[in-house]
Amino acid sequence: MEIGPKIQAAVAAILEEKYQYQVDSGTIVVTPTKREFSGDFTVVLFPFIKALRTNPVQLGEAIGADLISQSWITAYEVKGGFLNLTLANSIWTELLDTVNIAARTLDPARKIIIEYSSPNTNKPLHLGHIRNILLGWSCVQIYKAIGYQVIKTQVINDRGIAICKSMLAWKLFGEEKTPASTRTKGDHFVGEYYVLFNSKLDEEYKSWQQSDEAQTIYITGKKEEQTAADFFKTYANTYFNEYSQLGRQAKEMLLKWEAGDPDTLELWNRMNNWVYDGFNKTYAELGVDFDTIYYESETYLLGKESVDQGLEKGIFYRNSDGSVWIDLEDAGMDKKILLRSDGTSVYMTQDIGTAQHRYQDYHFDRMVYVVGDEQEYHFKVLFEILKRLGEPYADQLFHLAYGMVDLPTGKMKSREGTVVDADDLVAEILGEARKAAEERGELVDLPPQEQEKIIRNIALGALKFFILKVNAKKRMVFNPEESLDLQGQTGPYVQNAYVRIRSILRKADQMTIPSVYAGYQLGTEERELIALLLQYWETLEQAANNFDPSGVANYAYQLAKSFHRYYHDVSILRAESEEAMAFRFVLIRKIAMVLELAMEMLGIEMPDRM
RNA sequence: GGCUUCGUAGCUUAAUUGGAUAGAGCACCUGACUACGGAUCAGGAGGUUGCAGGUUCGAGUCCUGCCGAAGUCACCA
């Protein structure tokens with residue numbers, strides 16, 4: 001029995017019987033009654049008063065009186081255009097029984113593939129990746145819970161000029177050092193050479209700027225009033241491509257890679273594997289994994305067949321210079337290139353091919369890309385093209401476009417060194433959680449490994465909750481200090497509610513707990529808690545539909561908050577009657593179950609003690 | 001400039017998708033420990049939801065116009 005639909009149906013029946021007014025019961029608005037009014041659920045009457053030529057008070061009285069005669073409603077009150085209903089005690093205990101956490105039946109026909117993380121192999125993961133990963137992982141859990149078969153994947157950008165820069169810097173300046181020999185995490189090790197390349201390039205560029213050649217270019221090429229510094233800033237790309245020694249060597253390396261040169265491939269493999277070692281450590285630290293990985297080195301040539309296909313169908317057209325385009329202006333977009341005049345493909349082409357390739361691999365019903373909102377236009381175009389190509393899954397594609405993560409000081413900029421490194425962040429928050437745990441001293445009698453496990457749960461719980469509680473679409477400000485906070489609207493606050501229940505249950509193991517509560521009269525706090533428990537699946541489905549886990553985080557907080565208050569006001573182990581104790585044990589077990597499941601949806605584990 | 005997104009307390013943010021007096025947390029002030037765990041609870045103060053119109057019984061939410069911020073508009077990835 002679901003209570004919302006039951007009320008809707010009852011009201012619809014009364015409207016039809018008493019007023020001969022037909023209404024789709026699903027459209028009747030039923031909400032939990034606000035705290036400051038008496039009642040459990042509220043029916044909004046406004047939508048009917050015009051059609052029924054009555055006023056809210058009359059209508060409310062008529063519906064209320066009828067419902068009371070049906071015995072499952074014990075009281076009603078009309079306030080403004082709202083009808084507040086109080087449910088019978090027996091209904092509440094029945095409703096509590098229906099609270100369950102079993103995942104919805106798995107339907108193998110519904111398969112979703114979710115892509116997240118998708119880093120480049122030239123530098124370590126940062127705060128932006130963390131938001132991406134946590135969102136992706138949370139969506140995976142949520143879709144599993146509502147019965148989907150989920151495939152976790154990522155695309156690793158393991159090729160291109162960026163990794164060649166790291167490779168070249170290592171070759172020129174690395175002196176055969178390795179992550180092992182320098183005791184450096186592999187992704188950080190390679191990242192250092194990427195940074196080194198850029199600083200060497202900078203040096204080279206600066207000294208070149210003094211040359212006669214450069215001065216001539218500046219004088220002839222500058223715009224009016226443009227300073228040398230300004231000019232050379234905008235000229236950097238051209239310099240890299242046409243004058244730089246380092247640039248030339250990096251590009252040569254890319255060509256050699258594309259030609260399959262064994263030495264280059266060997267170095268490339270070696271360095272990428274260092275990076276993967278590092279990534280895998282970070283993923284393990286965050287508690288996430290993948291079912292399958294796509295590497296760009298294997299997919300970057302895909303999509304060319306679909307160009308031929310599109311040309312045949314007349315969706316694409318060929319320019320006089322041989323380049324291939326699609327015109328999306330009738331859909332409010334621009335013209336987009338798909339094949340350069342030299343026949344090489346672009347990012348878009350590759351994404352088309354990868355989508356088709358994945359469909360062949362998995363025959364999914366839906367596909368989700370967790371990628372920053374800066375690429376919104378790209379995906380809009382990609383989805384439109386796939387639709388025009390007639391791909392069967394084309395209307396089940398979703399770009400989970402999350403907002404960038406800013407710092408209180410502004411944007412993260414790698415050039416200015418303000419990027420928050422993922423590993424540093426996790427280490428910092430672990431330290432903070434450890435310090436707090438030591439101060440509290442609750443864990444001292446546990447073996448060290450167990451203490452460590454709990455500390456990790458708390459630290460990661462804090463971090464994950466902090467990031468996931470914000471609506472995915474919104475740009476968010478990440479305040480490192482606040483993310484270390486373990487009090488207030490945080491993961492540890494929710495964990496603490498669970499720990500309190502576990503503590504009671506441990507004590508109850510030594511006691512005999514009564515199990516009959518048939519005659520127990522529920523308090524308002526208990527009704528409120530049950531009403532909250534009943535909202536779990538609705539919350540989850542909404543999160544799934546919107547690809548936004550923030551509602552689940554806020555729900556978990558809300559439930560924890562209500563429990564903390566209840567715990568404070570009402571005694572469980574020393575309840576005033578056997579019925580009260582019996583009922584309260586059932587209630588807190590359900591609360592613990594739902595809290596644990598809700599947090600699992602966010603990738604957060606619950607400790608038994610903290 | 002075109003298109004897209006976003007402006008809610010000092011700060012970080014909610015609002016059951018159009019419903020009641022906009023709800024929390026942090027910070028600030030006051031109170032609650034002979035305890036089922038104080039990483040907690042109760043209270044105070046803090047709001048013209050960027051501004052101005054419009055639609056509606058009802059607007060933080062929908063429409064229009066301003067103001068402000070961000071993103072995007074490559075034969076780059």
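In what follows, every chain begins at residue 1, and chains take the letters A, B, ... in the order their sequences are listed. Just so it is clear, the structure is predicted and the values come from calculations on it, not from any experiment.
Note on Lys34(A): every side-chain N or O is 4.0 Å or more away from OP1 and OP2 of rG23(B). Contact annotation: Lys79(A) side-chain N/O to rA20(B) OP1/OP2 distance is not under 4.0 Å. Using a 4.0 Å cut-off, some side-chain N or O of Arg500(A) falls inside it from OP1 or OP2 of rG38(B). Side-chain N/O atoms of Lys561(A) include one lying less than 4.0 angstrom from OP1 or OP2 on rG25(B). An OP1 or OP2 oxygen of rA15(B) is reached within less than 4.0 angstrom by no side-chain nitrogen or oxygen of Tyr555(A).
If you take atom C1' in rC29(B) and the same atom in rC66(B), they sit 41 Å apart, rounded to whole Å. Here, rA9(B) and rG47(B) have their P atoms 10 Å apart, quoted to the whole Å. Taking atom C1' in both rU12(B) and rU16(B), one finds a spacing of 22 Å when rounded to whole Å. Nucleotides rG10(B) and rG31(B) place their C1' atoms 25 Å apart, quoted to the nearest Å. Atom C1' of rC62(B) sits at a distance of 8 Å from the matching atom of rG18(B), rounded to the whole Å. Annotation: rA42(B) and rU49(B) have their C1' atoms spaced 28 Å apart (nearest Å).
In terms of polar N and O atoms assigned as donor or acceptor, the side chain of Asn546(A) comes within less than 3.5 Å of the base of rU17(B) in a complementary pairing. No hydrogens or angles were tested; on distance alone, a donor-acceptor pair under 3.5 Å links the side chain of Asn84(A) to the base of rA20(B).
Within 90° of 0 lies the glycosidic angle of rU17(B), which makes this nucleotide syn.
Side-chain atoms of Tyr493(A) and Gln487(A) form no donor-acceptor pair, as typed in the model, at a separation below 3.5 Å. A donor-acceptor contact under 3.5 angstrom links the side chains of Asp158(A) and Ser297(A), judged on distance only. Donor-acceptor pairing under 3.5 Å is recorded for the side chains of Ser38(A) and Glu77(A). A side-chain N or O of Asn272(A) and one of Thr121(A) form a donor-acceptor pair less than 3.5 Å apart. A side-chain donor from one of Trp325(A) and Ser323(A) sits under 3.5 Å from a side-chain acceptor of the other. Side-chain polar atoms of Tyr377(A) and Asp334(A) form a donor-acceptor pair below 3.5 angstrom. With no hydrogens or angles considered, a side-chain donor-acceptor pair links Arg584(A) and Tyr520(A) at under 3.5 Å.
The residue among Arg159(A) and Arg565(A) whose nearest nucleotide of RNA chain B lies closer to the 5′ end is Arg565(A). Between Pro47(A) and Tyr567(A), it is Pro47(A) whose nearest contact on RNA chain B lies nearer the 5' terminus.
Across all strands shown, rA52(B) is found opposite rU64(B) as a Watson-Crick or G-U wobble partner, with both distances under 3.5 Å. Using Watson-Crick or G-U wobble geometry with both donor-acceptor distances under 3.5 Å, rG31(B) finds its partner in rC41(B). Applying the Watson-Crick and G-U wobble criteria (two distances, each under 3.5 Å), rG25(B) pairs with rC11(B).
At a threshold of 4.0 angstrom between heavy atoms, the contacts of Pro408(A) with the nucleic acid are absent.
Asn120(A) has its CG atom 12 Å from the P atom of rA77(B), to the nearest Å.
In the region residues 35-45 of chain A, proximity to RNA chain B at under 4.0 angstrom, judged on heavy atoms, holds for Phe37(A), Thr42(A), Val44(A). Residues from residues 462-475 of chain A placing a heavy atom under 4.0 Å of any atom in RNA chain B, listed by number, are Val470(A), Asn471(A), Lys474(A), Arg475(A).
Considering only side-chain atoms of Glu538(A), the nucleotide from rC76(B), rG25(B), rU16(B) that sits closest is rU16(B).
The pair Asp445(A)-Arg609(A) meets the salt-bridge criterion, with a side-chain N (NZ, NE, NH1 or NH2) lying under 4.0 Å from an Asp/Glu carboxylate O.
Surrounding CD of Glu36(A) are more than 12 heavy atoms belonging to other residues, nucleotides or ligands, all under 6.0 Å away. Environment of CD in Glu605(A): sparse, with no more than 12 heavy atoms of neighbouring residues, nucleotides or ligands closer than 6.0 Å.
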